[in-house]
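Bear in mind that the values here come from a model prediction, so they are computed numbers and not experimental data.
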Amino acid sequence: MGRGSGVLRFLNDKKNGLSNKRLSLLNMTQYAEKIVREEVARILKNAGLNPVELKAGLGTPPSPELGDYSFNCVLLLRDRRSPEAAAAKAKDLAKRLKPKKYVTKIEVSGPYINFFIDKAKFSALVLREIWTQADSYGNWDLGAGKTVVVDFSSPNIAKPFGVGHLRSTVIGNSICKLYESLGYTCIGINHLGDWGTQFGKLIVAYRKWGKEKQLKAKPVQQLYDLYVKFHAEAQKDKSLEEEARDWFRRLEDGEQEATRLWRWFRDISLKEFRRIYDILNIHFDSYAGESFYNSMLPETITKLKTAGLAQESQGALIVDLERFGMSPCLLRKTDGSTLYATRDIAAVIYRFNTYGFDKMIYVVGADQKLYFRQIFKVLELVGYPWANDLVHVPFGLVRFGTGRMSTRKGNVIFLEEVFQKAVDLTEKIIEEKNPDLEDKHEIATQVGIGAIVFNDLSTKRMKDVDFSWDRMLNFNGQTGPYVQYTYARFSSVLRKYGRQVDDNVNLSLLNSDMETEIVRLLSRFPEAVKHAADEYEPSVVTIYLLDLCEASNRFYNHFRVLSEDLETSKARALLVWCIRTVLGKGLRLLGMETPKRM
RNA sequence: GCGCCUGUAGCUCAGUUGGAUAGAGCAGCGGACUUCUAAUCCGCAGGUCGGGCGUUCGAGUCGCCCCAGGCGUGCCA
């Protein structure tokens, strides 16, 4: 079966920390924010501070009026108990610091030394950088020559695509885009849940209650009904489970009737899934699901046996993991059929041989944390050095009403229904606000789907989410449509500007607090991208975009871009162009469309 | 029982990896469209950061112990 809808955490985190440090030496990318921060660091270094002190003390003041960068002098004292001593130290040190290049002013405030950056120079640096790099702004070369494989979405064939599966799909897709942005080659794999006992259940249900005509007319609905009915009936009649396991065994033995039904179920389901991926505009490099690895299972089991890991226990084949504080990893059931873990182990070996990955990411629900710790440990014990490059990226579950969503119990919300409602509502809003808009349906699709995707990516992935139509269909405030609206609005401004935007502008005309704040935010985008990828956390990007939109809309409401003064218009147009470029890039990193009108 | 995750404003969430006065949105109240898209913006109000103890010059952030909710803990995936 697939990944469900659903710790090597420290191990992996530790490893990433190391590898990132090593990689950063190779990284040639120099962003404006970094250049300026290093200028501040150099001033401090020239006053005799060592790198450790610098790294610990260098920060950002809580408010821009205090400065752009700060250094906390408390850290330079051995005895840190006296605030007066810290303030004295700050005064003393500040005397030896001289403004230079980007740094115009150095001020002492209590124990802090605050550095002020030349706004015009900094704006020039940031805006020219975005201007020249355009859609590449925010990219890194940290992953040049490296490959990352991402296993995501991975729905169960023969089950409807519910909102629970959406999480793995959109988080995984965004992680792919983020890693591509870091310079990695990214292979997206949809590890379809197209094998397992569930097919035994479906075969039993279909033979007992199924109708060919109905299945052909509404395939996924019908398979879903059969699946639910099976579990309802199995409550009363325990022998059904037995029967299902037997049919799965027959499937594994390659019996004709079982194989025929399995293939049929698989084909009609996959067709439906592809439609959903088309709507989301998500593509996979491989649809190799669980069944793909069947031929490799005997070899996999042999390998684990010869490594001295696999052993018989209570009639099943297991890898004992007790000394690592984990329950055993099951490879083969008493009846001889294989399990999820066996297929995953075969899959990752195949993937390494095929793609030679430097990192392999599994975007699968948090309920499978222990499971991934188990198989990662097994692979480590076999002796694969790349076992350390496997990362499970868990996320919280989607809950609906009282319990979690469960296909078995029949309380799932079909993704298509969610899509439908979102697009319908968007069309209604467009009809109200912008009735003359061309391509209404296409824009409504982009915005409606965007709302759903953004909603799923807007909180830290480990939080459980309570499904709520209200939240899903709210288009005001911190939402996808808000970001897309901002993008469309600035696109519109540039359209009406009518001239070519160019970077030959007087940047001192952009010195209001609002504009400075926007430039500051724009300069932080590359770091946000890197942070999001490092943490496997697309929400870093969504939160960033919301901040940028808030600052930008404030600016929009306060100033006119198309003003009477041509020089001012030119400068603001460049700023708007940069905002729009970064918003567009950010939206694409989330897997969202960038409508130019809405 | 044990392990992991979550707990911040009425609701949904941020919080730059331990630093200066904890920030947004929604909901509520009050404002701003003959001017570049009002899916926007501005203002007001809203807090014992689940609780306690500890480490530290300094804790929403780190440690320990509780509390609440969730997930997992051998023949599902």
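Contact annotation: side chain of A:Thr334 to base of B:rC75, donor-acceptor pair present below 3.5 Å. Judged by atom type and distance alone, A:Asn474 does not reach the base of B:rA27 through any side-chain donor-acceptor pair under 3.5 Å. Between the side chain of A:His558 and the base of B:rU40 there is no donor-acceptor pair of N/O atoms closer than 3.5 Å.
Residue contacts shown for A:Ile543 are limited to sugar-phosphate atoms, with no base heavy atom under 4.0 Å away. Among the protein residues, A:Ala341 comes within range of no part of the nucleic acid, since none of its heavy atoms lies under 4.0 Å from any strand. A:Val576 comes within 4.0 angstrom of no nucleic acid atom, judged by non-hydrogen atoms across all strands. Residue-level contact check: A:Tyr497 touches neither bases nor backbone, having no heavy atom under 4.0 Å from any strand. Within the nucleic acid shown, A:Phe559 comes within 4.0 Å of at least one base atom, counting heavy atoms only. Nucleic acid contact for A:Asn72: base, since at least one base atom lies under 4.0 Å from a heavy atom of the residue. Residue A:Met326 is classed as having no contact, given no heavy-atom separation below 4.0 Å to the nucleic acid. Using a 4.0 Å heavy-atom criterion, one finds that A:Ser313 contacts the bases of the nucleic acid, with or without backbone contacts as well. Within the nucleic acid shown, A:Arg560 comes within 4.0 Å of at least one base atom, counting heavy atoms only. In this structure, A:Glu527 reaches neither bases nor backbone, as no heavy-atom distance under 4.0 Å exists between it and the strands shown.
In this structure, A:Lys440 pairs ionically with A:Glu431, as a charged nitrogen and a carboxylate oxygen lie closer than 4.0 Å. A salt bridge links A:Glu242 with A:Arg245; the closest basic N to acidic carboxylate O contact falls under 4.0 Å. Of the charged side-chain nitrogens involved, none lies within less than 4.0 Å of a carboxylate oxygen, so that A:Asp335 and A:Arg249 do not count as a salt-bridged pair. Salt-bridge check for A:Arg37 with A:Glu33: passed, with a basic side-chain N closer than 4.0 Å to an acidic carboxylate O.
For the C1' atoms, the distance linking B:rC33 with B:rC26 amounts to 23 Å, nearest Å. Going from the P atom of B:rU8 to that of B:rA14 covers 10 Å, rounded to whole Å. Taking atom P in both B:rU37 and B:rA45, one finds a spacing of 34 Å when rounded to whole Å. Between the P atoms of B:rC41 and B:rA9, the separation comes to 23 Å (whole Å). Spacing of P atoms, B:rU40 relative to B:rC2, comes out at 49 Å, to the nearest Å. Nucleotides B:rC57 and B:rG72 are separated by 44 Å at their P atoms, to the nearest Å. Comparing the C1' positions of B:rA32 and B:rG10 gives a spacing of 27 Å, expressed to the nearest Å. Straight-line distance between the C1' atoms of B:rC42 and B:rG25: roughly 15 Å, to the nearest whole Å.
Among B:rG25, B:rU17, B:rC76, the nucleotide with an atom closest to any side-chain atom of A:Lys333 is B:rC76. With B:rA38, B:rA39, B:rC41 as the choices, the nucleotide that has an atom nearest any side-chain atom of A:Ile429 turns out to be B:rA39. Comparing atom distances between the A:Gln478 side chain and each of B:rA24, B:rU37, B:rU40 picks out B:rA24 as nearest.
Stem regions annotated for RNA chain B: B:1-7 with B:67-73, B:10-13 with B:23-26, B:28-32 with B:40-44, B:50-54 with B:62-66, counting only runs of 3 or more consecutive pairs of Watson-Crick or G-U type with both contacts under 3.5 Å.
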Checklist entry - How far apart are the C-alpha atoms of A:Ser563 and A:Asp565, what are their side-chain angles, what is the distance that settles it, and do they pass the side chain to side chain donor-acceptor pair (under 3.5 Å) test? => result CA-CA 5 Å; A:Ser563 70; A:Asp565 180 53; 5.5 Å; no

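Map A:Ser458 and A:Thr60 each onto its nearest nucleotide of RNA chain B; the residue landing nearer the 5' end is A:Ser458.
Ring to ring, A:Tyr362 and A:Phe376 are close: their centroids are under 6.0 angstrom apart.
Between the side chain of A:Ser569 and the main chain of A:Val561, a donor-acceptor pair closer than 3.5 Å is present.
Contact between A:Arg461 and A:Glu537 at its shortest, heavy atoms only, is N-OE2, 3.0 Å.
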